[in-house]
2 protein chains.
Amino acid sequence: MAVILEAAERVFALYGHKGATTERIAREAGLPKANVHYYFKTKENLYRQVLAHILDDWMAAASTFEPGHEPEPALRAYVTAKMELSRKRPYGSRVWAGEVLSGAPVMEKFLGTTLKTWMDERVRTIEGWIEDGKIRAVDPSALLFLIWATTQHYADFERQVVILNGGKKITDKEYQARIDEVVALVLRSVGL
Amino acid sequence: MAVILEAAERVFALYGHKGATTERIAREAGLPKANVHYYFKTKENLYRQVLAHILDDWMAAASTFEPGHEPEPALRAYVTAKMELSRKRPYGSRVWAGEVLSGAPVMEKFLGTTLKTWMDERVRTIEGWIEDGKIRAVDPSALLFLIWATTQHYADFERQVVILNGGKKITDKEYQARIDEVVALVLRSVGL
DNA sequence: GTCTATACGTTGATAGAC
DNA sequence: GTCTATCAACGTATAGAC
C-alpha cells in the first residue's frame, strides 16, 4: 500500500524509529491503524520496507557516478544527482540518516556489502584519475564522504538550513543555484 | 550529576529522543532510575540539559573561526577544531544531529538566534575575503554547510565510516591524516 | 478487506521505606 | 539522598464483527 509507505517515510523521518507510532502513520495515511498492521504485519517490518524503498532512488543516483567517465562530468553528474535527490525525497534521506546515526542496526548488512562494493569501485576510479594526473592527489574516501555529507545535509538538516535562511523556504530557483555552487566547490576541491 | 549526563548523551545518541529510556540511562550510569528522576525531574529536561551541555564544546570549536583572520589559517583552524570535536565527542554530535533531523523542536530557538548570528558574521567575513581577492567567489553559506556536514559526518555516521573501512576502527593516526585531507579539500575548494 | 474494541507489554514518573 | 515497589499512560498487535 503506497499511501502507507509514503506516510511512514514522513513519520519515521520526523519522529524517529521509536518515536513514530503506527497510530500516527495510519492517521496520516487516512485509515485506522489496524489496516497498517494488516498490510505490513509489524512496525519493524514497515520500517525495513521504508528503508528498502528509499534504496531504489539512492541506487539510481549512485549509478550516475560512472567508473569509466572523466572526472569532471562524472563528479558533476553525481553531485547534481545527489543534490536533486535530497530535494526530491528529503524524508527518505532523513530516515536513512536516523538509521545510520543509531548505529545502522537494520541496514548494517547493506552497508557492508552493496555500498562497500560500490565505494571500492569508485575509490579505484578516483585513484586512476590521480595516477593519470587528471585530478589532484586526494584521499578518495575523504572525497566521497565530503560529497555524501554535503549533499545530504540539505535534506537531513533541512530545518536548520531554513532557519539559517531567516525562516524562509528555499525556492526551486535558489536550490538550483545552490547545486551549481556545491558542484563548483567539489570540483575545485580536487583541482578541477 | 555528571555520570548521568554522560550516560544520557550516549543513550540518546544510540536510541534517539524517544527510544532512549530513563531505565537504560540509569543502568548505564549505574544507579536506579528513580535517581535519574530525582536529579533531572523529567526525561525531557534531561534531554535539554544534554543538548545544552554539548553546546559548550560546540561554541569553543566555533570560536576558532576568527572573523579578523586571514582565510587560510582561519579555515584550517576551524575545520581542524570541528574534526577534533567529532572525534572527541561523537555521541554529543549525534544527539544534536538527531534533534535537527526531527525538525529541531527543542533547539529551534538556539538555531535562530546564537547560531544565526554566528553564521551571519562568518558570511560577512567570507564575503570580505572574496572582495579582497583572497579566495575564489564562493557562496559563503554553501561553504559553511560543506564544512559542517563533512566534519560532523565522521561523528554522526561513524558506524558507516567504520563499516566502509572494512569493519576496522579508525586509529588516532589515521584520523589525524584524515583531518589533513579534509583541510586540504576545503582549502582547495575556495582556491587556496 | 475494513474497522472497533481490547489485551498485553513497556515506560515515565512517583510514593514511601530506609 | 538512595532505593524498591507501583501506577497510569501509551503503543503494538490482534480478535472478531461487518
Side-chain angles (χ1 to χ4, degrees), chain A residues 1-54 91-92 94-99 101-108, chain B residues 1-54 91-92 94-99 101-108:
Chain A
M1 206 62 162
V3 63
I4 297 176
L5 262 182
E6 200 226 330
E9 182 172 307
R10 189 170 57 250
V11 174
F12 276 122
L14 292 175
Y15 300 93
H17 182 176
K18 183 78 187 205
T21 66
T22 53
E23 197 282 331
R24 173 146 207 136
I25 292 169
R27 189 172 1 130
E28 303 225 355
L31 28 88
K33 70 174 171 178
N35 295 33
V36 172
H37 282 99
Y38 174 76
Y39 283 107
F40 292 91
K41 201 63 185 170
T42 66
K43 172 181 165 180
E44 188 62 23
N45 179 48
L46 175 54
Y47 177 70
R48 284 170 191 273
Q49 294 209 32
V50 166
L51 282 174
H53 188 232
I54 304 160
Y91 293 123
R94 284 157 83 169
V95 176
W96 193 265
E99 164 68 10
L101 211 60
S102 63
V106 172
M107 280 295 153
E108 172 143 25
Chain B
M1 207 60 163
V3 64
I4 297 176
L5 263 182
E6 199 226 330
E9 182 172 308
R10 188 170 57 250
V11 174
F12 275 121
L14 291 175
Y15 300 93
H17 181 176
K18 185 76 187 206
T21 66
T22 54
E23 197 282 331
R24 174 144 207 140
I25 292 169
R27 193 177 353 136
E28 302 224 355
L31 28 87
K33 72 172 171 177
N35 295 36
V36 172
H37 283 100
Y38 174 76
Y39 283 107
F40 292 91
K41 200 65 186 170
T42 67
K43 172 182 164 179
E44 188 64 23
N45 179 49
L46 174 55
Y47 178 69
R48 285 171 192 273
Q49 293 209 32
V50 166
L51 283 173
H53 188 232
I54 303 160
Y91 294 124
R94 284 157 82 169
V95 176
W96 193 265
E99 163 68 10
L101 210 60
S102 62
V106 172
M107 280 296 153
E108 172 141 27

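Chain letters run A, B, ... following the sequence lines, proteins first and then strands; every chain starts at 1.
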Side chains of B:Ile54 and B:Tyr91: closer than 4.5 Å at any heavy-atom pair? no

Using a heavy-atom cut-off of under 4.0 Å over every strand shown, decide if A:Ala26 touches base, sugar-phosphate, or nothing. nothing

Counting any heavy atom closer than 4.0 Å, what does A:Tyr39 reach on the DNA or RNA strands: base, sugar-phosphate only, or nothing? sugar-phosphate

Has B:Glu99 got a side-chain atom pairing as donor or acceptor with B:Val106's backbone, closer than 3.5 angstrom? yes

Classify the nucleic acid contact of B:Lys33 as base, sugar-phosphate or nothing, counting any heavy atom under 4.0 Å across all strands shown. base

Check whether any side-chain nitrogen or oxygen of B:Lys18 sits under 4.0 Å from OP1 or OP2 of C:dG12, and answer yes or no. no

Would you mind telling me which residue lines up with the more 5' stretch of DNA chain D, B:Gly30 or A:Ala20, judged by nearest nucleotide? B:Gly30

On the nucleotide D:dT12, are OP1 or OP2 found under 4.0 Å from the side-chain N or O atoms that A:Thr22 carries? yes

Per atom distances to the B:Leu31 side chain, the nearest of D:dA13, D:dC3, C:dA13 is D:dC3

Output yes when at least one side-chain N/O atom of B:Asn35 is less than 4.0 Å from OP1 or OP2 of D:dG1, else no. no

Of all heavy-atom pairs linking A:His53 and A:Leu5, the shortest is CG-CD1, 4.2 Å

Side chains of B:Val36 and B:Glu23 in contact at under 4.5 Å (non-hydrogen atoms): no

Does the side chain of B:His37 get closer than 4.0 angstrom to OP1 or OP2 of C:dT14 through an N or O atom? no

